[in-house]
Engineer: 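There's a structure below that I have some questions on.
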Amino acid sequence: MNLKEVTIDQLQAGYAEGRFTTQEVVQHYLAEIERIDQNGPSLRSILTLNPDALAIATQLDEERRQGKLRGPLHGIPVVLKDNIDTHDQMPTTAGARAMANSFPLQDSWVAARLREAGAVILGKSNLSEWANFHSTYASSGWSGLGGQTLNPYDLTRSPCGSSSGSGVAVAANLCVLSIGTETNGSIVCPANNNGIVGIKPTVGLISRSGIIPISFTQDTPGPMARTVKDAALCLNALTGIDPQDSKTSASQGKVAKDYTRFLNPNGLKGKRIGLYKQPMGIHFKADQKMEEAIAFLKAAGATIIEIEQLSEINIEPPSFEVMLYEFKDGLNAYFAGLGPNAPVKNLADLIRQTQADPEEMAYFDHALLSQAQAKGDLQEPAYLQALKQIKEYSQAKGIDRIMDQYQLDALVAPTGGPAWKTDWAVGDHYGVYSSSPAAIAGYPSISVPMGLIDGLPVGISFFGRAWSEGVLIELAYAYEQGTRHRVAPEFKASNPF
């Protein structure tokens, strides 16, 4: 069975025509995970396999035989980032050795909605430990529990984080869909480095309940896929108002019933798009790819307006301050919710266990855990001031101001440059990145493949106002269909020296 680059529509057609069953498809992906993730190139994108996956597939096949179809995701294999709770035989670990035996008491919103939609949760993906919020320097895709996730295009290069395993699993055809989470860059950067589509929604479009937190202000889960359509189909299943996540109440009346209705191949025609130039001028080959993309956008009927900066101040330092406060508050609440058998009781306990573990401390300092522990509660003036700053200068005096001034439908920028060499001695060195404006504002962003640089994929990001996912999907889809830049990886290990 050849399922390389298969789409949801193609799988559903195969099921309907009786060419294969969900059980056979799940078995295929399990075999591929053993062949290239656990062996061969050993990508290490999957941290834990779901021992119930085949049983779930069998049940879904029986439902299909009885004519009971749950929707487009019925029988579709999906991988969850391992900071997303599942109430089953899989732990939820954030990649930390102290959490190896942490079994949540209930499904996360995301897991429950996927199960309800008929998706098969194949397993949990490796990630940058604690979603990359643990050390003053670190390597994307590394966790104490899972080791280093490898980039399938070049095994010596970074998959980017923190949803590294989720990005690699989709890119390497180990699943159809995956779910990542982003605080700043953790969906769109792995999408960039691994040549796939990543949707980081508006904060509040998808509930974060049952997800190990960093920032109440910025965290969001989102779909990762090989095509815009598959990502949109997945997004449909995840939206909704959850009483356990107050941010979702703001999505009332702002959610599309079906995001696939925005899949318009001519969607760029007549659009006004701002080119965010700050990430350019750093890597000349990335600039060349972006210039080619802009030429395509113009040829497809879009008007491009150059934008030098989006905010009057640098919003990244106050954003980091907010994250430290909210990480402590959110993590302590998460640990408390695990019940009396929680392997980690609170952030102070996590620091103690981590610092006492030689394997955890062998490469990285985990100093952000201590920096967060030193913060006070969410009533402290320093926190409230930083929060006020980032909201004001990322939203009303940031993206909204620019889009109003130039009457823009969206903004566009290179998502990142080509993947850097993985290096545990000095950690990540991103170079080109454009995730901060949308991430700090809590606004949506979509990264789509933009081509290859020396065999390494790079992406283009479309981002804009709160709740503008429909417009962004329209633009991203039109760009994707007109360029077809997605290329499957070949698991090379380059050494140009």
Side-chain angles (χ1 to χ4, degrees), residues 128 132 137-142 148-164 167-168 170-171 180 182 184-198 200 224 275-297 306-310 316 411-439 445-463 476 479-480 483 485-487 489-490 492-497:
S128 308
N132 228 9
Y137 71 100
S139 173
S140 284
W142 177 90
Q148 178 67 53
T149 305
L150 307 184
N151 187 313
Y153 291 85
D154 180 341
L155 305 178
T156 69
R157 293 181 181 269
S158 176
C160 201
S162 64
S163 307
S164 45
V168 170
V170 167
E182 176 162 330
N184 187 341
S186 289
I187 288 174
V188 296
C189 188
N192 178 85
N193 285 29
N194 296 287
I196 62 168
V197 175
K200 184 211 86 77
M224 305 177 78
L275 170 60
Y276 175 43
K277 295 198 69 180
Q278 193 167 312
M280 300 179 70
I282 297 167
H283 192 292
F284 81 98
K285 291 186 179 181
D287 288 350
Q288 288 173 348
K289 288 295 175 189
M290 194 65 202
E291 287 159 9
E292 292 170 12
I294 293 301
F296 174 83
L297 298 179
E306 294 190 358
I307 307 294
E308 295 297 333
Q309 62 178 25
L310 293 175
E316 293 193 34
L411 291 144
V412 72
T415 310
W420 56 93
K421 290 281 186 180
T422 297
D423 188 339
W424 292 358
V426 299
D428 291 327
H429 36 101
Y430 295 93
V432 181
Y433 72 98
S434 63
S435 60
S436 291
S445 179
I446 302 179
S447 182
V448 184
M450 187 171 67
L452 299 175
I453 295 175
D454 299 328
L456 299 169
V458 291
I460 181 172
S461 284
F462 297 88
F463 62 102
Y479 177 79
E480 173 198 56
T483 58
H485 283 308
R486 161 72 189 166
V487 177
E490 296 181 1
K492 295 178 179 177
S494 72
N495 185 356
F497 307 108

Engineer: Ile294 versus Val412: any side-chain heavy-atom pair under 4.5 Å?
Structural biologist: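 Heavy-atom side-chain distance check passes, below 4.5 Å.
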
Engineer: So do the side chains of Asn192 and Val432 get within less than 4.5 Å of each other, counting heavy atoms only?
Structural biologist: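 Not touching, per the 4.5 Å side-chain cut-off.
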
Engineer: Does anything in residues 454-463 pair up under salt bridge (Lys or Arg N to Asp or Glu O under 4.0 Å), and if so which pairs, sequence neighbours excluded?
Structural biologist: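 Sorted result for residues 454-463: Lys285-Asp454.
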
Engineer: Mind checking whether Trp142 and Trp424 have parallel, tilted or perpendicular rings, split at 30° and 60°?
Structural biologist: perpendicular

Engineer: Which residues satisfy the side chain to side chain contact (heavy atoms under 4.5 Å, CB included) test with Gln278, sequence neighbours excluded?
Structural biologist: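 Counting only residues at least two positions away or on another chain, Gln278 forms a side chain to side chain contact (heavy atoms under 4.5 Å, CB included) with Tyr276, Gln309.
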
Engineer: Indicate yes or no: at least one non-hydrogen side-chain atom of Val168 is less than 4.5 angstrom from one of Pro190.
Structural biologist: no

Engineer: Strictly by modelled atom types, are Lys200 and Ser445 linked by a side-chain donor-acceptor pair under 3.5 Å?
Structural biologist: no

Engineer: Within this structure, what is the CZ-CG distance for the pair Arg157 and Leu456, rounded to the nearest 0.5 Å?
Structural biologist: 5.0 Å

Engineer: Mind listing the closest non-hydrogen atom pair of Ala286 and Met450 along with its distance?
Structural biologist: O-CE, 4.3 Å

Engineer: Would you say Ser164 and Ser140 make side-chain contact, with heavy atoms under 4.5 Å?
Structural biologist: no

Engineer: Could you check whether the rings of Tyr430 and Trp420 sit parallel, tilted or perpendicular, using 30° and 60° as the cut-offs?
Structural biologist: perpendicular

Engineer: State, with a plain yes or no, whether a side-chain heavy atom of Thr483 is found less than 4.5 Å away from one of Val448.
Structural biologist: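 Result no, sub-4.5 Å side-chain heavy-atom pair not found.
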
Engineer: Is there side-chain contact between Phe463 and Leu310, with at least one heavy-atom pair below 4.5 Å?
Structural biologist: yes

Engineer: Tell me the closest heavy-atom pair linking Asn193 and Cys160, and the distance in Å.
Structural biologist: ND2-CB, 3.5 Å

Engineer: Would you name the heavy atoms of Asn184 and Ser435 that are closest together and state the gap between them?
Structural biologist: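 Smallest interatomic distance, heavy atoms only, reads OD1-OG, 2.6 Å.
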
Engineer: How many angstroms lie between atom CG of Asn151 and atom NZ of Lys492, to the nearest 0.5 angstrom?
Structural biologist: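 NZ of Lys492 is found 12.5 Å from CG of Asn151.
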
Engineer: Considering all heavy atoms of both residues, which atom of Ala476 and which atom of Ile446 are nearest to each other, and what is their separation?
Structural biologist: CB-CG2, 4.0 Å

Engineer: Ignoring hydrogens, what is the shortest heavy-atom contact between Leu452 and Lys289? Give both atom names and the distance.
Structural biologist: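 Where Leu452 meets Lys289 most closely, the heavy atoms are O-CE, 3.0 Å.
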
Engineer: Pair Met290, Leu275 - check side-chain contact (heavy atoms from CB on, under 4.5 Å), show working.
Structural biologist: CA-CA 10 Å; Met290 194 65 202; Leu275 170 60; 3.7 Å; yes

Engineer: Hey, is the main chain of Ser186 close enough, under 3.5 Å, to the side chain of Ser162 for a donor-acceptor pair?
Structural biologist: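 It does not hold such a pair.
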
Engineer: How far does CD1 of Ile453 sit from OH of Tyr153, to the nearest 0.5 angstrom?
Structural biologist: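 Here the interatomic distance stands at 13.5 Å.
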
Engineer: What heavy-atom pair brings Arg486 and Val170 nearest, and what distance separates the two atoms?
Structural biologist: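 Closest pair (atom of Arg486, atom of Val170, distance): NH2-O, 4.3 Å.
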
Engineer: Compute whether any side-chain donor of one residue and acceptor of the other, for Ser461 and Thr415, lie under 3.5 angstrom apart.
Structural biologist: yes

Engineer: Going by heavy atoms in the side chains, are His283 and Pro418 under 4.5 Å from each other?
Structural biologist: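 Yes - at least one pair of side-chain heavy atoms lies under 4.5 Å apart.
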
Engineer: When rounded to the nearest 0.5 angstrom, what distance separates CD1 in Ile460 from NE2 in His485?
Structural biologist: 8.5 Å

Engineer: Say you draw a straight line from CD1 of Ile187 to OG of Ser447; how long is it, rounded to the nearest 0.5 Å?
Structural biologist: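 Here the interatomic distance stands at 10.5 Å.
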
Engineer: Going from OG on Ser158 to CG on Asp423, what distance comes out if it is rounded to the nearest 0.5 angstrom?
Structural biologist: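 The CG atom of Asp423 is 10.5 Å from OG of Ser158, to the nearest 0.5 Å.
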
Engineer: Do Ser163 and Glu182 touch side chain to side chain, with heavy atoms closer than 4.5 Å?
Structural biologist: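 With C-beta onward as the side chain, the pair stays apart.
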
